[in-house]
K.L.:
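After the structure tokens below, expect a handful of questions from me.
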Number of protein chains: 2
Amino acid sequence: MTAARPTTRREASRRETERAILSAAEKVFAEAGFGGATMQLIADVSGLPKANLHYYFPTKEALYRRVVQDIFEIWLKAAEAFDAAESPAQGISAYIDAKMEISRARPHGSKVWASEVMHGAPVIQDYLETTLRDWTAGRAAVIRRWIAAGRMRPVDPEHLLYMIWATTQHYADFGHQIETLNAGKPLSDAQWQAAKDSVKGIILRGVGLG
Amino acid sequence: MTAARPTTRREASRRETERAILSAAEKVFAEAGFGGATMQLIADVSGLPKANLHYYFPTKEALYRRVVQDIFEIWLKAAEAFDAAESPAQGISAYIDAKMEISRARPHGSKVWASEVMHGAPVIQDYLETTLRDWTAGRAAVIRRWIAAGRMRPVDPEHLLYMIWATTQHYADFGHQIETLNAGKPLSDAQWQAAKDSVKGIILRGVGLG
DNA sequence: GCACAACCTGACCATACGGTCAATATTTTT
DNA sequence: AAAAATATTGACCGTATGGTCAGGTTGTGC
């Protein structure tokens, strides 16, 4: 068995710098899009010289790809809420809660993903065709089983998933619009709770679990 | 009373050229984003020399603004379906149908709008604060009246509207993802019908109109 | 404490972009 | 049919971008 090497100053610093770059990149890509974002701006936001970015990530596209992958992995993890469920109502509820919380905590990431897909997924098409396709098929199968067992109203599983994705991500992707319609102020804690309750309430009743 | 001037060859040609530019711009802006789109590419797609674009639209931003305004106006018109309704179920149904049809007919426009809002609405913030705010307040009031009259379940009107926007526009904005999950093929007529029925079914039941 | 590797960075480069303009062609008006 | 107005275009320009690189600095292993 290999002894665990101690964490060197280098490794720690590397991780930290990488995080700073990724965090700045997520923000800048979300706010300007891939084309509108500049390496210089990401450098400024992360407080590093531009050349340093290219030391950590060879190209703008490589950096972007990493940002997209990160948010995708977070979403995959949220699905565990769905899998661990003992009932349809509980599973759907937990999944919506998890996705809504990600929308609140990581709105930039959500926007980057949305932007990427809207532009035809030039960078992560392979993810859509493999991981996402499998994931969707698996969850759709679970929903179909629930329906077959008479535990919920018969609805098209894919369209139900689309509705959950659309609605939960809307609070991140269109957060600016929602904020404008909320007198220019971000949703308060109570308003986020109301949003979650509204979404869960309508969807659960909509699939016969009210 | 002024006599109606006959349509000159010039006016017709102008309208035609303008349409060609706007159509190409909508597509290119949707596929590349504002920053990623180039005037040269829009010129190529519309089959005109780049300098000609600047004759019709002084700047890239002016052209973009016009594209965004056009889709917004289409959405406003779709709301008439809502207003003309004699019952909550009929109004919501008709509105969802109208928005779904726009998503199918004008996916590029929807994406341009989504992109604009996601990036903080730098160009159409004034629209959000005036037209959209008024429109939303008006429709929310209608829904509140329906609820007060006991004609539907009490739900938060704003969140209901967000859900309708999110879900219907999802079929345009994330069309590429949906297509990928549909074995790489665009939704057929029947599948679009199923999508509409699913969305309407869940939302209507969700607000107690099932 | 020394040799080596990893890391950092200012200055630089080729390219591509939005936009301009002077010259030309076309249509309308007189 | 001439003159005036409008529309079209290739060539051009300043700027900003993604990316490179040589030289310097810092940390690691022995």
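Chain letters run A, B, ... following the sequence lines, proteins first and then strands; every chain starts at 1.
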K.L.:
Output all residues satisfying ring pair (Phe, Tyr, Trp, His ring centres under 6.0 Å) with A:His54, sequence neighbours left out; order by chain, then residue number.
P.N.:
none
K.L.:
Would you list the atom pairs, donor with acceptor, under 3.5 Å between side chains in residues 32-40 of chain B and any protein atom, with sequence neighbours excluded?
P.N.:
from, atom 1, to, atom 2, distance (Å)
B:Thr38, OG1, B:Leu41, N, 3.0
B:Gln40, NE2, B:Asp44, OD1, 3.1

K.L.:
Nearest whole Å is fine: how far is C:dG19 C1' from B:Leu63 CG?
P.N.:
14 Å
K.L.:
Using the ring pair (Phe, Tyr, Trp, His ring centres under 6.0 Å) criterion, which residues pair with B:His159? Sequence neighbours excluded.
P.N.:
A:Tyr171, B:Tyr162
K.L.:
Pair up each side-chain donor or acceptor in residues 23-30 of chain B with any protein partner under 3.5 Å, not counting sequence neighbours, and list the distances.
P.N.:
from, atom 1, to, atom 2, distance (Å)
B:Glu26, OE1, B:Arg106, NH2, 2.8
B:Glu26, OE2, B:Arg106, NE, 3.1
B:Glu26, OE2, B:Gly109, N, 3.3

K.L.:
Expressed in angstrom and rounded to an integer, what is the separation of B:Phe57 atom CZ from C:dG18 atom P?
P.N.:
16 Å
K.L.:
What residues form a side-chain contact (heavy atoms from CB on, under 4.5 Å) with A:Gln125, not counting sequence neighbours?
P.N.:
A:Ala121, A:Leu128, A:Glu129, B:His176, B:Thr180
K.L.:
What one-letter contact string describes nucleotides 5-18 of chain D from 5' to 3', where B marks a base within less than 4.0 Å of any protein heavy atom, S marks contact via sugar-phosphate atoms alone, and - marks no contact?
P.N.:
BBBBBB------SB
